[in-house]
*Asks:* 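Quick one: the structure is below, questions incoming.
Since the model is a prediction, treat every value here as computed from it, not as a measurement.
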Amino acid sequence: MTGLLKSEGNLLIALIVAAIAIPLEHSLAGSGQTVALIASVALIGVIVLVSLRVAHHAEVLAEKVGEPYGTMILTLSAVLVEVVILAIMLGHSHNPTLARDTIYSAVMLDINGIIGVAAILGGLKHGEQPYNDASGKTYIVMIMTGMGVSMLVPEFIPVAHWKAYSLFSIGIMVFLYAMFLRLQTTKHSYFFSYTYAGTGDENHTHGGKTAYSAAILIAGLVLIGVLAEVMSKTLGTGLEGTGIPPVFPALVVAAISASPEILTALRAALANRMQPVINIALGASLSTVVLTVPVIELISLFNDQKIHMALTPTQSIMTALTLLVAAINLNDGQTNAIEGTTHFVLFCAFIMLSFLGL
């Protein structure tokens, strides 16, 4: 029992914080901006702790089922965290650009942040790092298609037709992901795997029972939802009138959902295993686009509140640059520190532009 409590210490801390925060929810939000901001920072930190445990148990399940199912579990767990937090935040305050900014931020963080840093660190340590180039090509073209249909085309859809196009977006994104899953798990599953030998991969395995990990993963997601409920209220109060760019809440959501992926990807890169990095970063980006869009569009239609999914001109340029650079870099089946640097520069540009409010 002691060992169990120690290993799940993050969840125990989160349970205690939730037990304290829920009864004090209105007091924290109504006690002034400083108190609300401090509470928001604390809650964000606790949510990250829970998401790390969710990612750990997702990794346990991933090792049990093998590739490509393992990567699916890892990326879907991160997307579920994102969708839960987004849905709760949208329920408390109608921010028509929150979903768009979160999806955009997640793609920038996954492709430019994760691949950039992982390729730099792995490249400096190991030189060129191989992976299956079919996975990179497949992911990139599907991300281009998903973002193009759901986040670029809407700019040209008249307001009178937004409901019709929302319904179309829901259906076509579900179809796109269903076809991808069929491709990934049947005839073309070998696209997403690569055989490594002597990389020390055995040092990064996790023990654990499947049923236990599945139960903890679900419990962690529920706990994140409870904490996000309080955080969404305190964050709104804490940021009010501060002059912080409106994209900041979206950055917070994207960072929370990506935090476990970052650690997993960096461990893989340092172990000279670039295939998991590609699968995690690009798989998470694709899942974020084609799964988050239908959920948010459904919420919008149900509440009869239009949301803005069309990217801004600056976001469109950054997205086009990112996908173009990724398509070139991920075309040959090897990454290196130079390619990583190009993505990291784009990530820095994304951060700079975000804090300029662009």
Side-chain angles (χ1 to χ4, degrees), residues 68 71 74-75 78-79 100 102-124 128-152 173 176-177 180 183-184 188 191-194 254-255 257-258 261-262 264-266 268-269 273-293 311 314-354:
T71 297
L74 289 171
T75 56
V79 172
R100 177 200 69 191
T102 300
I103 295 171
Y104 165 72
S105 299
V107 170
M108 293 296 107
L109 184 54
D110 288 332
I111 297 180
N112 291 327
I114 293 178
I115 292 181
V117 175
I120 289 174
L121 295 180
L124 290 175
E128 293 183 324
Q129 296 184 281
Y131 64 93
N132 190 337
D133 64 330
S135 59
K137 295 173 183 177
T138 302
Y139 276 126
I140 290 298
V141 74
M142 297 200 78
I143 294 170
M144 283 181 176
T145 302
M147 292 196 77
V149 170
S150 65
M151 304 186 76
L152 291 175
M173 290 300 104
L176 181 65
Y177 197 65
F180 172 73
L183 177 151
Q184 189 181 30
H188 299 296
F191 280 13
F192 308 93
S193 61
Y194 189 92
S257 64
E261 298 170 344
I262 295 171
T264 303
L266 292 184
R273 295 168 55 250
M274 187 51 64
Q275 187 63 55
V277 177
I278 300 300
N279 287 349
I280 289 170
L282 298 184
S285 294
L286 178 61
S287 299
T288 294
V289 175
V290 300
L291 292 182
T292 305
V293 168
L311 296 171
T314 301
Q315 291 173 340
S316 297
I317 291 172
M318 284 299 298
T319 298
L321 275 174
T322 294
L323 294 177
L324 177 61
V325 171
I328 295 171
N329 285 342
L330 302 179
N331 190 52
D332 60 356
Q334 290 183 323
T335 62
N336 55 61
I338 296 174
E339 293 176 350
T341 300
T342 61
H343 282 293
F344 185 69
V345 167
L346 287 173
F347 178 69
C348 292
F350 154 69
I351 295 295
M352 183 63 186
L353 292 168
S354 295

*Asks:* In Å, rounded to the nearest 0.5 Å, how long is the span from CD of Gln315 to CE of Met108?
*Replies:* 9.0 Å
*Asks:* Name the orientation class of the two ring planes belonging to Tyr139 and Phe192 (parallel below 30°, tilted from 30 to 60°, perpendicular beyond 60°).
*Replies:* perpendicular
*Asks:* Minimum heavy-atom separation for Thr145 to Val141, with atom names?
*Replies:* OG1-O, 2.8 Å
*Asks:* Tell me, please, which residues at least two apart from Ser285 pass side chain to side chain contact (heavy atoms under 4.5 Å, CB included).
*Replies:* Val107, Asp110, Ile111, Ile143
*Asks:* Kindly write out the residues that satisfy side chain to side chain donor-acceptor pair (under 3.5 Å) with Gln334, not counting sequence neighbours, or none if the list is empty.
*Replies:* none
*Asks:* Within a strict 4.5 Å, meaning less than it, do heavy atoms of the Leu330 and Ile278 side chains meet?
*Replies:* yes
*Asks:* So, using side chain to side chain contact (heavy atoms under 4.5 Å, CB included) as the criterion, who are the partners of Ala134 when residues are at least two apart?
*Replies:* Asn132, Phe191
*Asks:* Compare every heavy atom of Asp133 with every heavy atom of Asp332, then report the nearest pair and how far apart it is.
*Replies:* C-CB, 4.1 Å
*Asks:* Quick one: do Ile103 and Val293 satisfy side-chain contact (heavy atoms from CB on, under 4.5 Å)? Show the steps, please.
*Replies:* CA-CA 8 Å; Ile103 295 171; Val293 168; 3.7 Å; yes
*Asks:* Let's go through Leu176 and Val149 carefully: what are the C-alpha distance in whole Å and the side-chain angles of both, what is the deciding distance for side-chain contact (heavy atoms from CB on, under 4.5 Å) to 0.1 Å, and is it a yes or a no?
*Replies:* CA-CA 11 Å; Leu176 181 65; Val149 170; over 6 Å; no
*Asks:* What distance do Leu286 atom CG and Ile140 atom CD1 have between them, rounded to the nearest 0.5 Å?
*Replies:* 10.0 Å
*Asks:* Report all side-chain donor-acceptor pairs from residues 337-348 shorter than 3.5 Å, counting only partners two or more places apart or in another chain.
*Replies:*
unit_1 : atom_1 : unit_2 : atom_2 : d
Thr341 : OG1    : Ala337 : O      : 2.8
Thr342 : OG1    : Asn329 : ND2    : 3.0
Thr342 : OG1    : Glu339 : O      : 2.5
His343 : ND1    : Asn112 : OD1    : 2.9
His343 : NE2    : Asn329 : ND2    : 3.3

*Asks:* Look up atom OG1 in Thr314 and atom CZ in Phe350, then write down how far apart they are to the nearest 0.5 Å.
*Replies:* 12.5 Å
*Asks:* Do you know which two heavy atoms are closest between Ala269 and Met274, and how far apart they sit?
*Replies:* CB-CE, 4.2 Å
*Asks:* Taking only residues two or more places apart in sequence or in another chain, which ones pass side chain to side chain contact (heavy atoms under 4.5 Å, CB included) with Ala119?
*Replies:* Thr335
*Asks:* Which atom pair, heavy atoms only, marks the closest approach of Ser150 to Val289?
*Replies:* OG-CG1, 3.9 Å
*Asks:* Evaluate the criterion side-chain contact (heavy atoms from CB on, under 4.5 Å) for residue pair Leu353 and Met318; output intermediate values, then yes/no.
*Replies:* CA-CA 10 Å; Leu353 292 168; Met318 284 299 298; 3.7 Å; yes
*Asks:* Please determine whether side-chain contact (heavy atoms from CB on, under 4.5 Å) holds for the pair Ser135 and Tyr194, giving the CA-CA distance in whole Å, both sets of side-chain angles, and the decisive distance to 0.1 Å.
*Replies:* CA-CA 10 Å; Ser135 59; Tyr194 189 92; over 6 Å; no
*Asks:* Going by side chain to side chain contact (heavy atoms under 4.5 Å, CB included), name the residues that satisfy it together with Leu266, two or more places apart in sequence or in a different chain.
*Replies:* Val117, Ala118, Leu121, Ile262
*Asks:* Could you state the interatomic distance from CG (Leu323) to CE (Met144), rounded to the nearest 0.5 Å?
*Replies:* 5.0 Å
*Asks:* Return the minimal non-hydrogen interatomic distance between Leu109 and Ala254, and the atom names on each side.
*Replies:* CD2-O, 3.7 Å
*Asks:* Out of the candidates Met142, Met173, Met147, only one should pair with Val290 under the side chain to side chain contact (heavy atoms under 4.5 Å, CB included) rule; please name it.
*Replies:* Met173
*Asks:* Looking at every non-hydrogen atom in both residues, tell me the closest pair between Ser316 and Leu152 and how far apart they are.
*Replies:* OG-CD2, 3.5 Å
